[in-house]
Amino acid sequence: MGCFECCIKCLGGVPYASLVATILCFSGVALFCGCGHVALTGTVSILEQHFSSNASDHALLTEVIQLMQYVIYGIASFFFLYGIILLAEGFYTTSAVKEMHSEFKTTACGRCISGMFVFLTYILGVAWLGVFGFSAVPVFMFYNIWSSCEVLKGLPVNYTTTAEQICVDIRQYGIIPWNALPGKACGTALGNICSTNEFYMSYHLFIVACAGAGATVIALIHFLMILASNWAYLKDASKMQAYQDIKAKEEQELQDIQSRSKEQLNSYT
């Protein structure tokens with residue numbers, strides 16, 4: 001076999017569906033974790049500088065954000081390992097690899113592991129749907145602030161509303177208590193927030209993090225379809241293996257009967 005034929009045979013053993021799902025999963029988790037971590041840090045800075053002058057008012061929120069940042073580290077590490085495991089499972093269950101190894105046999109343990117991956121991926125997919133919905137909350141909050149900023153910029157054309165009447169009260173979202181001061185930003189203070197690079201950077205990073213969570217959901221759905229297909233293949237392969245074992249046993253018994261019949265006939269003659 002030449003080098004070209006070997007390369008074609010090796011490329012035929014690559015589970016491209018699992019490879020695409022793994023790349024999509026890694027990209028989505030990386031975007032969510034990296035952008036989410038930086039955006040949370042920027043959110044705390046904006047909150048401390050413009051909405052809550054007393055550290056005790058947002059102490060709980062700061063602790064929650066720090067905990068979420070530690071959770072992000074764990075999510076990144078877990079999905080890095082889980083994606084590699086699913087990719088390896090795709091390599092060992094793809095039909096191309098089975099054709100390369102003629103002695104391939106399925107076991108009850110292998111089918112159980114494949115079923116476990118299907119169940120675990122389903123649970124993770126449902127969990128990431130919740131993460132995707134949760135990551136849309138800060139996008140909504142920053143969008144409201146950005147919309148108020150756009151209205152504030154349009155005031156020179158519309159004189160019916162003064163700048164001080166346009167406010168953003170961050171306390172209505174429940175992230176800081178109602179007695180926090182100042183708690184809201186109006187007019188010039190709101191314009192100062194809108195003019196900072198930190199605000200726009202956090203806003204866009206939250207959007208990218210939300211998109212990363214959505215990409216991770218799509219990747220897990222893709223993985224779920226692949227795992228379900230592989231599990232069905234293993235199930236059919238186990239039935240075919242049992243059929244072949246029974247057939248081989250019957251053929252062996254038939255050969256034994258024929259050999260005994262010949263021996264009895266020879267002894268009679």
Side-chain angles (χ1 to χ4, degrees), residues 10-41 63-101 104-139 205-235 237-238:
C10 291
L11 290 176
V14 177
Y16 293 102
S18 297
L19 185 61
V20 170
T22 302
I23 294 174
L24 183 61
C25 182
F26 283 172
S27 302
V29 172
L31 288 175
F32 174 79
C33 294
C35 297
H37 186 279
V38 179
L40 287 173
T41 302
E63 293 178 359
V64 171
I65 289 178
Q66 290 178 351
L67 179 61
M68 292 174 63
Q69 289 177 331
Y70 287 122
V71 170
I72 284 175
Y73 298 144
I75 290 175
S77 302
F78 172 78
F79 272 90
F80 177 76
L81 295 176
Y82 191 67
I84 292 177
I85 292 173
L86 291 183
L87 181 61
E89 199 270 346
F91 268 102
Y92 283 103
T93 54
T94 183
S95 59
V97 173
K98 295 172 185 178
E99 291 174 359
M100 292 169 59
H101 301 280
F104 180 85
K105 291 185 178 180
T106 61
T107 61
C109 181
R111 297 192 299 273
C112 181
I113 292 175
S114 296
M116 181 192 69
F117 279 135
V118 172
F119 175 76
L120 183 58
T121 305
Y122 176 79
I123 296 299
L124 290 174
V126 174
W128 269 96
L129 279 175
V131 173
F132 176 66
F134 179 77
S135 62
V137 174
V139 176
L205 286 177
F206 273 126
I207 294 176
V208 176
C210 184
T216 306
V217 172
I218 295 174
L220 289 175
I221 294 175
H222 196 177
F223 268 130
L224 187 61
M225 292 188 295
I226 296 168
L227 291 170
S229 176
N230 290 339
W231 184 82
Y233 185 91
L234 291 176
K235 185 178 180 180
S238 65

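Distance check, rounded to the nearest 0.5 Å: OH of Y82 to CD1 of I75 gives 14.5 Å. Rounding to the nearest 0.5 Å gives a distance of 10.5 Å between SG of C35 and CZ of F206. To the nearest 0.5 Å, atoms CD1 (I207) and CG (L31) are separated by 13.0 Å. Atom-to-atom distance recorded for L40:CG and L67:CG is 11.0 Å, nearest 0.5 angstrom. Taking OG of S18 as the start and CD of E89 as the end, the distance is 7.0 Å to the nearest 0.5 Å. To the nearest 0.5 Å, atom CD1 of residue I65 and atom CD of residue E63 are 11.0 Å apart.
Heavy atoms only, all atoms of each residue included: A21 and H222 are closest at CB-ND1, 3.7 Å. Residues A39 and L205 share a closest heavy-atom pair of CB-CB, 3.8 Å.
No side-chain heavy atom of F223 sits less than 4.5 Å from a side-chain heavy atom of L24.
Below 30°, between 30° and 60°, or above 60°: for W128 and F79 the angle between ring planes is above 60°, a perpendicular geometry.
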* Evaluate side chain to side chain contact (heavy atoms under 4.5 Å, CB included) for I85 paired with F117, printing each intermediate quantity in order. => CA-CA 10 Å; I85 292 173; F117 279 135; 3.3 Å; yes
* To do: Determine, step by step, whether L86 and I226 satisfy the side chain to side chain contact (heavy atoms under 4.5 Å, CB included) criterion, reporting the C-alpha distance in whole Å, the side-chain angles of both residues, the deciding distance to 0.1 Å, and the verdict.
  => CA-CA 10 Å; L86 291 183; I226 296 168; over 6 Å; no
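For S135, the side chain to side chain contact (heavy atoms under 4.5 Å, CB included) partners are F32, F132, C210, A213, not counting sequence neighbours. Under the rule for a side chain to side chain contact (heavy atoms under 4.5 Å, CB included), the partners of L224 that lie at least two apart in sequence or sit in another chain are V118, T121, Y122. Among residues two or more places apart in sequence or in another chain, the side chain to side chain donor-acceptor pair (under 3.5 Å) test is passed with T41 by Q69. The side chain to side chain donor-acceptor pair (under 3.5 Å) search around H37 returns Y73, not counting sequence neighbours. Under the side chain to side chain contact (heavy atoms under 4.5 Å, CB included) criterion, L129 pairs with V217, sequence neighbours left out. The side chain to side chain contact (heavy atoms under 4.5 Å, CB included) test applied to L19 returns V14, I23, L87, not counting sequence neighbours.
A 6.0 Å sphere centred on CZ of F78 holds more than 12 heavy atoms belonging to other residues, nucleotides or ligands.
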